[in-house]
Amino acid sequence: DQQVKQNSPSLSVQEGRISILNCDYTNSMFDYFLWYKKYPAEGPTFLISISSIKDKNEDGRFTVFLNKSAKHLSLHIVPSQPGDSAVYFCAASAIKGAQKLVFGQGTRLTINP
Amino acid sequence: KAGVTQTPRYLIKTRGQQVTLSCSPISGHRSVSWYQQTPGQGLQFLFEYFSETQRNKGNFPGRFSGRQFSNSRSEMNVSTLELGDSALYLCASSVDPAKNIQYFGAGTRLSVL
């Protein structure tokens, strides 16, 4: 049972344009969401997070939007840069469940010059 | 500040053997979580330790076990290795359970032959 889904295995975007990565979840107990970025041969790197009491969180070029009624979140990267090419993972947790993160399958983002 | 350190980076074992992986968290972080990453299943939660106690456990067989020491360093053990245990094993540490932001090491790549 895939509780966190990233339906797009890959995404290709031109440098300077907006990248939008999507994530859906099924478990209504999730109340904290995170995005991680992963390069080959490295561990995931934390990017940005959002609590369920918010619908938007922004950090520089990265913005995460949360739509609780649709159980959907998205990561916007503006403007996209070649260094953003990586695999992006969406993750969710229920705070009362402590440190257990449930991850999506990841989306490989490629930024083309 | 040093990041999460995992040793060894690579391991090759044969079926039936056992293996121990090590993780040193970021200084000051008391929570350590372990994840398994495979191409088919993605990133899956194994277990989490806090103050030498296992607080959460994922859906893995009893062959997978772990422990945490008083200095927060953690080890993960897999006994009676199977071919399907070949994976990237990731360790993550956290200082703030309320935010569930976990910082990952580079992982240990285990190959079972």
Requested in this report: Might you confirm whether atom CG of B:N71 has over 12 heavy atoms from other residues, nucleotides or ligands at distances under 6.0 Å?
Outcome: yes

Query raised in the report: Do you know which of B:K57, B:Q37, B:R109, B:Q6 has the most heavy-atom pairs under 4.5 Å to chain A?
Result: B:Q37

**Report entry** Spacing of B:E48 atom CD and A:L101 atom CG [to the nearest 0.5 Å]
**Finding:** 10.0 Å

Query raised in the report: Ring centroid separation for B:Y35 and A:F103, is it under 6.0 angstrom?
Result: yes

Query raised in the report: Does the A:Y36 side chain pair with the main chain of B:Q102, one donor and one acceptor, at a distance under 3.5 Å?
Result: yes

Requested in this report: Could you tell me whether A:I18 atom CD1 has more than 12 heavy atoms of other residues or ligands within 6.0 Å of it?
Outcome: yes

Query raised in the report: Same cluster for B:Y49 and B:Y103 if Ile/Leu/Val/Met/Phe/Trp/Tyr side chains link at under 4.5 Å?
Result: no

Query raised in the report: Cluster question for you: counting only ILVMFWY and a side-chain heavy-atom cut-off of under 4.5 Å, with indirect links fine, are A:F65 and A:I20 together?
Result: no

Report task. Under 4.5 Å heavy-atom distance to chain B, tell me which part of A:Q105 shows up: side chain, backbone, both or neither. Result -> side chain

Requested in this report: Could you grab the distance from atom NZ of A:K38 to atom CG of B:L88, nearest 0.5 Å is fine?
Outcome: 5.5 Å

**Report entry** Crowding at CZ, B:R63 (>12 non-hydrogen neighbours, <6.0 Å)
**Finding:** yes

Requested in this report: Let me see the working for A:V102 and B:F45 under side-chain contact (heavy atoms from CB on, under 4.5 Å), right down to the final yes or no.
Outcome: CA-CA 7 Å; A:V102 180; B:F45 174 78; over 6 Å; no

Query raised in the report: Going only through I, L, V, M, F, W and Y residues with side-chain contacts under 4.5 Å, is there a path from B:F60 to B:V32?
Result: yes

Query raised in the report: Which atoms form the tightest heavy-atom contact between A:L34 and B:I101, and what is the distance?
Result: CD2-CA, 3.9 Å

Query raised in the report: Which pair of heavy atoms, one from B:L90 and one from A:G43, lies closest together, and at what distance?
Result: CD2-CA, 4.0 Å

Query - Heavy-atom donor-acceptor pair, B:R9 side chain to A:A41 backbone, under 3.5 Å - result: yes

Query raised in the report: Can you tell me if CZ on A:R61 sees more than 12 non-hydrogen neighbours from other groups inside 6.0 Å?
Result: yes

